[in-house]
Asker: 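Pasting in a structure now, in structure tokens, and then I'll have a few things to ask.
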Amino acid sequence: MNIIARAAIAIYDGSALSPIFPAKPGRPEEQAAEYLSAVADKLMSSDASRTTCVEPGGAQEELLRRFLNMPFAEAASALLTHMDEAMQTLEIPREGFDMAVFSFDRDNEPHLCAALLPYRAAVVHQVETGEEGLVTRLLPHGAVLPPAGSKGCAGFVVNLSTGDIRLRDTAVLTNVGNRQLFSEALFAMAQTKTTKQAVAAVTELIEQAAPPEMTQQELRPAVKRAMSKSIEEKGVIDVQDVAAEVFRSDPEREAIIEEVGRQMREESVEPVIPVESKRVVAQLQRVKIKTDNGISITLPRTLADDENSFAVVSNDDGTISIIISKVQELRTE
């Protein structure tokens with residue numbers, strides 16, 4: 001289903017005409033819309049994406065807010081022009097890609113996506129001259145579009161109702177050194193962490209606050225289990241809830257939680273972490289076990305936590321046995 005309401009494609013092909021801006025942005029054809037939808041989904045759910053925002057009340061916020069109260073063509077033209085002027089000023093190479101700006105609804109809220117589209121031979125762009133000027137659009141070449149996860153896919157999706165932005169950036173060389181294309185070169189966006197980075201930061205600060213007798217081997221699974229529980233109950237990772245769960249039986253529990261809070265403030269870790277990445281959720285819901293003789297086992301956390309289904313037993317000779325019960329079928333692949 002074509003969920004893209006309007007799309008404007010600016011073409012940077014290295015020719016004398018480049019860049020070519022569309023005079024009349026419109027609704028993309030079905031296959032191009034499917035590709036753009038996949039790009040937006042990738043930007044919102046990628047492990048490399050982070051939640052951020054632009055400076056409130058600034059000119060760049062106004063550029064995005066125009067899409068709420070102005071015709072799409074006018075707002076898209078202003079946004080593309082702003083990005084192109086920034087690329088010229090910073091001497092960012094302006095060829096070998098297209099820049100897409102498109103709108104869509106998600107959960108009954110208006111969203112806008114701006115994305116860098118570095119194509120392979122599978123996609124071509126077409127320029128036509130119509131009654132109202134130049135028209136640009138995407139065309140599949142050989143009826144194959146590149147996957148949304150293609151290397152180099154970068155951009156952001158902004159929820160126009162809330163101003164929240166999901167950003168997946170890429171570094172570019174400018175006349176003032178290496179800069180992140182969207183967050184530093186084209187816009188001024190807040191410095192935040194990706195979900196993956198935030199999870200790693202929370203794990204590290206909890207390890208630092210843990211009592212010395214608690215080994216990493218028992219601590220890390222407990223942290224993952226607590227994060228998974230927080231996501232199941234609240235839909236987010238509540239760091240203090242995670243710390244309280246990990247150290248619930250420790251007599252110094254309150255002091256440890258206080259230390260975690262202090263480290264959070266020092267490291268600028270948000271107390272509540274949204275989890276848009278399905279991959280991060282899946283990783284927290286799995287338990288990986290590796291043995292010294294090369295055996296690797298991955299279990300759903302619910303199974304690993306069920307003592308009647310999974311157990312690790314210490315033998316008299318000092319070795320360890322792993323017991324998986326209630327298995328109805330075994331397949332060798």
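Heads up: numbering here begins at 1 and tracks the sequence.
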Asker: Name all residues meeting the side-chain hydrogen bond (donor to acceptor under 3.5 Å, both in side chains) criterion together with R253; count only those two or more places apart in sequence or in a different chain, and write none if there are none.
Answerer: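 So R253 forms no side-chain hydrogen bond (donor to acceptor under 3.5 Å, both in side chains) with any residue.
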Asker: Do N315 and I320 come within less than 4.5 Å of each other through their side chains, counting heavy atoms only?
Answerer: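 SC-SC contact between N315 and I320 ruled out.
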Asker: Of the non-hydrogen atoms in A10 and L80, which two are nearest, and what is the gap between them?
Answerer: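 Looking at all heavy atoms of both residues, the closest pair is CB-CD2, 4.0 Å.
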Asker: Roughly how far, to the nearest 0.5 Å, is CZ of R6 from NZ of K24?
Answerer: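 With rounding to 0.5 Å, NZ (K24) is 9.0 Å from CZ (R6).
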Asker: Quick check: are there more than 12 heavy atoms from other residues, nucleotides or ligands sitting under 6.0 Å from CG of D316?
Answerer: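 No, not enclosed.
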Asker: Give me the other members of the hydrophobic cluster that I257 sits in, counting Ile, Leu, Val, Met, Phe, Trp and Tyr linked by side-chain heavy atoms under 4.5 Å, directly or via other members.
Answerer: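 Direct or chained contacts put I257 with none.
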Asker: Rounded to the nearest 0.5 Å, how far does CZ of R262 lie from CG of L205?
Answerer: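 One gets 10.5 Å once the value is rounded to the nearest 0.5 Å.
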Asker: If every non-hydrogen atom of S46 is compared with every non-hydrogen atom of R166, which pair is closest and at what distance?
Answerer: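 Answer, listing the atom of S46 first, then R166: O-NH2, 3.7 Å.
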Asker: Mark yes or no for whether T52, through its side chain, and A190, through its backbone, hold a donor-acceptor pair below 3.5 Å.
Answerer: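 Judged by distance alone, yes, a pair lies under 3.5 Å.
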Asker: If every non-hydrogen atom of V157 is compared with every non-hydrogen atom of A40, which pair is closest and at what distance?
Answerer: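 V157 and A40 have their closest heavy atoms at CG2-O, 3.9 Å.
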Asker: Checking T192 side chain against T51 main chain: does a donor-acceptor pair fall under 3.5 Å?
Answerer: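 It does hold such a pair.
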Asker: Not counting sequence neighbours, which residues clear salt bridge (charged side-chain N to carboxylate O under 4.0 Å, His left out) with R225? List them please.
Answerer: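 By the salt bridge (charged side-chain N to carboxylate O under 4.0 Å, His left out) rule, R225 matches D305.
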Asker: Between side-chain atoms of residues 59-78 and protein atoms elsewhere (two or more places apart, or another chain), which donor-acceptor pairs fall under 3.5 Å?
Answerer:
from, atom 1, to, atom 2, distance (Å)
Q60, OE1, A188, N, 2.9
Q60, NE2, L186, O, 3.4
E61, OE1, G57, N, 2.6

Asker: Taking all non-hydrogen atoms of both residues into account, name the closest pair between L43 and C113 and its distance.
Answerer: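 Nearest pair, atom of L43 first, then C113: CD1-SG, 3.6 Å.
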Asker: Measure the spacing between OG of S183 and CG of D169 and express it to the nearest 0.5 Å.
Answerer: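 Separation between the atoms: 4.0 Å.
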Asker: Listed by chain and number, what are the side-chain contact (heavy atoms from CB on, under 4.5 Å) partners of E233, not counting sequence neighbours?
Answerer: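 E233 satisfies side-chain contact (heavy atoms from CB on, under 4.5 Å) with K229 only.
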Asker: Could you check whether any side-chain N or O of S49 sits under 3.5 Å from a backbone N or O of S45, counting only pairs where one atom can act as donor and the other as acceptor?
Answerer: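 No: the side chain of S49 does not pair with the backbone of S45.
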Asker: Would you say the side chain of L117 lies within less than 4.5 Å of the side chain of L36, judging by non-hydrogen atoms?
Answerer: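 The answer is yes, as the side chains (C-beta and beyond) meet within the 4.5 Å cut-off.
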Asker: Does CD in Q88 sit with more than 12 non-hydrogen atoms of other residues, nucleotides or ligands closer than 6.0 Å?
Answerer: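 Check passes, neighbour count above 12.
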Asker: How many angstroms lie between SG in C53 and CE in M189, if you round to the nearest 0.5 Å?
Answerer: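 Answer for the SG-CE pair, C53 versus M189, is 9.0 Å.
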Asker: Using side-chain contact (heavy atoms from CB on, under 4.5 Å) as the criterion, list what pairs up with V176, not counting sequence neighbours.
Answerer: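 For V176 the side-chain contact (heavy atoms from CB on, under 4.5 Å) partners, ignoring immediate neighbours, are L90, T174, R179.
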Asker: Below 4.5 Å, heavy atoms only, C-beta onward: do M99 and M87 meet side chain to side chain?
Answerer: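 Contact flag for M99/M87 side chains = yes.
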Asker: Partners of S249 by side-chain contact (heavy atoms from CB on, under 4.5 Å), sequence neighbours excluded?
Answerer: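 side-chain contact (heavy atoms from CB on, under 4.5 Å) list for S249, sorted by chain: empty.
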Asker: Excluding sequence neighbours, so at least two apart, what forms side-chain hydrogen bond (donor to acceptor under 3.5 Å, both in side chains) with N108?
Answerer: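 For N108, no residue satisfies side-chain hydrogen bond (donor to acceptor under 3.5 Å, both in side chains) once neighbours in sequence are set aside.
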Asker: According to side-chain hydrogen bond (donor to acceptor under 3.5 Å, both in side chains), who are the partners of R265, at least two apart in sequence or on a separate chain?
Answerer: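 R265 satisfies side-chain hydrogen bond (donor to acceptor under 3.5 Å, both in side chains) with no residue once adjacent residues are dropped.
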Asker: Below 4.5 Å, heavy atoms only, C-beta onward: do F182 and M83 meet side chain to side chain?
Answerer: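 Result yes, sub-4.5 Å side-chain heavy-atom pair found.
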Asker: Once you round to the nearest 0.5 Å, how far does CZ of R220 lie from CD of E207?
Answerer: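 The distance works out to 4.0 Å.
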Asker: Does the T89 side chain pair with the main chain of E85, one donor and one acceptor, at a distance under 3.5 Å?
Answerer: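 Flag set: sc T89 to bb E85 pair under 3.5 Å.
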Asker: Could you tell me which non-hydrogen atom of M264 sits nearest to which non-hydrogen atom of P271, and how far apart they are?
Answerer: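 In terms of heavy atoms, the two residues are closest at CE-CA, 3.2 Å.
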Asker: Under the side-chain contact (heavy atoms from CB on, under 4.5 Å) rule, collect the residues that match up with K234, sequence neighbours excluded.
Answerer: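 Partners of K234 by the side-chain contact (heavy atoms from CB on, under 4.5 Å) criterion, ordered by chain and then number, come out as V236, D238, D241.
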Asker: At what distance, to the nearest 0.5 angstrom, does CZ of R50 lie from CD of Q191?
Answerer: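 Reported value, rounded in 0.5 Å steps: 5.0 Å.
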Asker: Taking transitive links into account, so neighbours of neighbours count too, which hydrophobic residues share a cluster with I323 at under 4.5 Å side-chain distance?
Answerer: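 For the cluster that includes I323, the remaining residues are V313.
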Asker: Students often mix this up, so state it plainly: with edges at 30° and 60°, are the rings of Y12 and F21 parallel, tilted or perpendicular?
Answerer: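 The arrangement is perpendicular - the two ring planes meet at more than 60°.
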Asker: Within the structure provided, determine whether I256 and P211 are in side-chain contact (heavy-atom separation under 4.5 Å).
Answerer: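 Side-chain contact under 4.5 Å: yes.
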Asker: What pairs meet the salt bridge (charged side-chain N to carboxylate O under 4.0 Å, His left out) rule with one or both residues in residues 102-117, with sequence neighbours excluded?
Answerer: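 For residues 102-117: D41-R106.
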Asker: Identify the residue among L112, I4, I3 that makes a side chain to side chain contact (heavy atoms under 4.5 Å, CB included) with F102.
Answerer: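 Only one of L112, I4, I3 forms a side chain to side chain contact (heavy atoms under 4.5 Å, CB included) with F102, namely I4.
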Asker: If two hydrophobic side chains count as joined below 4.5 Å and joins carry through other members, does I9 share a cluster with V135?
Answerer: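 Each belongs to a different hydrophobic cluster.
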Asker: Do R94 and S18 have side-chain heavy atoms sitting under 4.5 Å apart?
Answerer: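 Heavy-atom side-chain distance check fails, nothing below 4.5 Å.
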Asker: Going by the angle between their ring planes, with limits at 30° and 60°, are F187 and F156 parallel, tilted or perpendicular?
Answerer: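 Geometry flag for F156 against F187: perpendicular rings.
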Asker: Looking at every heavy atom in both A86 and A185, which two are closest together, and how far apart are they?
Answerer: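 Closest heavy-atom pair between A86 and A185: CB-O, 3.9 Å.
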